[in-house]
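Just below is one structure, and these are the notes that go with it.
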Amino acid sequence: MFYLLVIKSIGILPVALAMGSFLFLIFLLSYHTLQKSFREVEQCREAYLETSRNKYQIANQIVNVLREKGDDSFSYDKMLSLGSTLMSTQVNIEENMRANVGVQKEIDLLQAIITNTPQLKQDSQIQELVNQLVTKDTSYLIAYKKYAYNLKYYNNFVAKMPSKLVAQIAGFKKFA
């Protein structure tokens, strides 16, 4: 009843214009947020990939030092295979994450070998590399959590109305 009274006293054109403007503002805000969230996800993904590569490189340095010292108790081939996946720019993020899990298992094994071998445990070069690895592991975990948070925020925003309609119109899609 109230709406009919308002429309009769004001007219249909101003009401339609106000509603259209309101919908346009919602579209603009949703589009801007989608763009910003998409950029954040991309930046966080690149930071995550870069920290995982840095972590692998330090682990690879440790393996090379062990090989120079004549310790062949570590399987170098698996680390190289995982490293090629990590270093590749052609691999999608899911494969990269699987490779990171594999590298972490190899790093855990590597650290167990170093911890249980007294001469390696006392080697200053290896201990320095292990300390660098621990530091890179911390930055890797931070980058991963930031990427996961931004990915979840973006995917949730794309899935909810009215941004879902804006995303479909503008071509934004959920990440897998």
Side-chain angles (χ1 to χ4, degrees), residues 30 32-160 163-164 167 170-176:
S30 294
H32 174 72
T33 305
L34 282 167
Q35 274 189 322
K36 185 179 177 194
S37 295
F38 184 80
R39 281 193 307 266
E40 287 278 329
V41 169
E42 290 294 319
Q43 290 170 351
C44 290
R45 179 186 3 223
E46 288 304 315
Y48 165 69
L49 292 174
E50 187 62 32
T51 56
S52 69
R53 290 177 183 134
N54 291 340
K55 183 176 143 181
Y56 167 76
Q57 288 174 340
I58 292 172
N60 196 29
Q61 288 176 359
I62 293 172
V63 171
N64 288 335
V65 168
L66 289 176
R67 291 182 77 201
E68 287 173 7
K69 294 186 184 283
D71 188 352
D72 291 329
S73 59
F74 185 75
S75 173
Y76 186 66
D77 295 335
K78 188 169 183 182
M79 186 70 113
L80 271 179
S81 173
L82 292 168
S84 66
T85 302
L86 284 177
M87 294 300 177
S88 175
T89 56
Q90 305 299 324
V91 175
N92 62 18
I93 190 73
E94 292 83 15
E95 289 295 319
N96 194 290
M97 289 178 140
R98 283 188 204 109
N100 274 319
V101 169
V103 166
Q104 186 58 48
K105 289 178 183 177
E106 295 298 311
I107 288 173
D108 292 342
L109 179 63
L110 189 61
Q111 287 176 331
I113 290 171
I114 292 170
T115 303
N116 293 325
T117 308
Q119 61 204 21
L120 295 177
K121 195 173 185 179
Q122 294 172 356
D123 190 325
S124 62
Q125 182 184 15
I126 291 177
Q127 288 306 314
E128 181 183 328
L129 288 171
V130 168
N131 289 338
Q132 288 178 9
L133 186 62
V134 169
T135 303
K136 287 296 177 187
D137 192 41
T138 304
S139 62
Y140 166 79
L141 289 173
I142 291 169
Y144 174 74
K145 286 180 182 179
K146 190 174 181 182
Y147 169 67
Y149 172 80
N150 282 305
L151 182 66
K152 184 177 180 181
Y153 177 81
Y154 172 81
N155 283 340
N156 285 340
F157 194 74
V158 167
K160 292 182 181 176
S163 56
K164 182 177 183 177
F172 290 100
K173 294 184 171 133
K174 286 177 89 171
F175 286 106

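Because the structure is a prediction, the values reported are computed rather than measured.
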Q: Applying salt bridge (Lys or Arg N to Asp or Glu O under 4.0 Å), name anything that partners Glu128, two or more places apart in sequence or on another chain.
A: none
Q | Side-chain heavy-atom pair Thr33, Ser163 within 4.5 angstrom cut-off | A | no
Q. Side chain of Tyr154, backbone of Lys173: donor and acceptor closer than 3.5 Å?
A. yes
Q | Pairwise distance CG(Leu66) to CD1(Ile62) - rounded to 0.5 angstrom | A | 7.5 Å
Q) Is a side-chain N or O of Ser139 found less than 3.5 angstrom from the main chain of Lys136, in a donor-acceptor match? A) yes
Q: Check whether the side chains of Asp108 and Gln104 place a donor and an acceptor atom closer than 3.5 Å, and report yes or no.
A: yes
(Q) Enumerate the side-chain hydrogen bond (donor to acceptor under 3.5 Å, both in side chains) contacts for residues 41-51, please, sequence neighbours excluded, ordered by first and then second residue. (A) Glu42-Arg45, Tyr48-Asn100, Tyr48-Tyr140
Q) Counting only heavy atoms not in Gln119, do more than 12 sit closer than 6.0 Å to its CD atom? A) no
Q.
How long is the straight-line distance from CG of Leu49 back to SG of Cys44, given to the nearest 0.5 Å?
A. 11.0 Å
Q) Which residues satisfy the side chain to side chain donor-acceptor pair (under 3.5 Å) test with Asn131, sequence neighbours excluded? A) none
Q: Could you grab the distance from atom OG of Ser30 to atom NZ of Lys164, nearest 0.5 Å is fine?
A: 13.5 Å
Q | With sequence neighbours excluded, residues passing salt bridge (Lys or Arg N to Asp or Glu O under 4.0 Å) with Arg98 | A | Glu95
Q.
I need the Asn54 CG to Thr135 OG1 distance, nearest 0.5 Å.
A. 12.0 Å
Q: Please report the closest heavy-atom contact between Ala159 and Lys174, naming both atoms and the distance.
A: CB-NZ, 4.2 Å
List the atom pairs, with distances to 0.1 Å, where a side-chain N or O of residues 141-150 and a protein N or O form a donor-acceptor pair under 3.5 Å, not counting sequence neighbours.
from, atom 1, to, atom 2, distance (Å)
Asn150, ND2, Lys146, O, 3.0

(Q) For Leu133, is there any backbone N or O sitting under 3.5 Å from a side-chain donor or acceptor partner on Asp137? (A) no
Q | Closest heavy-atom pair and its distance - Gln127, Ile114 | A | NE2-CG2, 3.8 Å
Q. Going by heavy atoms in the side chains, are Glu40 and Tyr153 under 4.5 Å from each other?
A. no
Q.
For Met87 versus Arg53, what's the shortest heavy-atom pair and its separation?
A. CE-O, 3.6 Å
**Q.** Distance in Å, Gln61 CD paired with Asn64 CG, rounded so as to fall on 0.5 Å steps
**A.** 8.0 Å
**Q.** Heavy-atom check, side chain of Val65 versus side chain of Gln125, under 4.5 Å
**A.** yes
Q: For Ala170, check side chain to side chain contact (heavy atoms under 4.5 Å, CB included) against everything at least two apart and list the hits.
A: Tyr31, Phe172
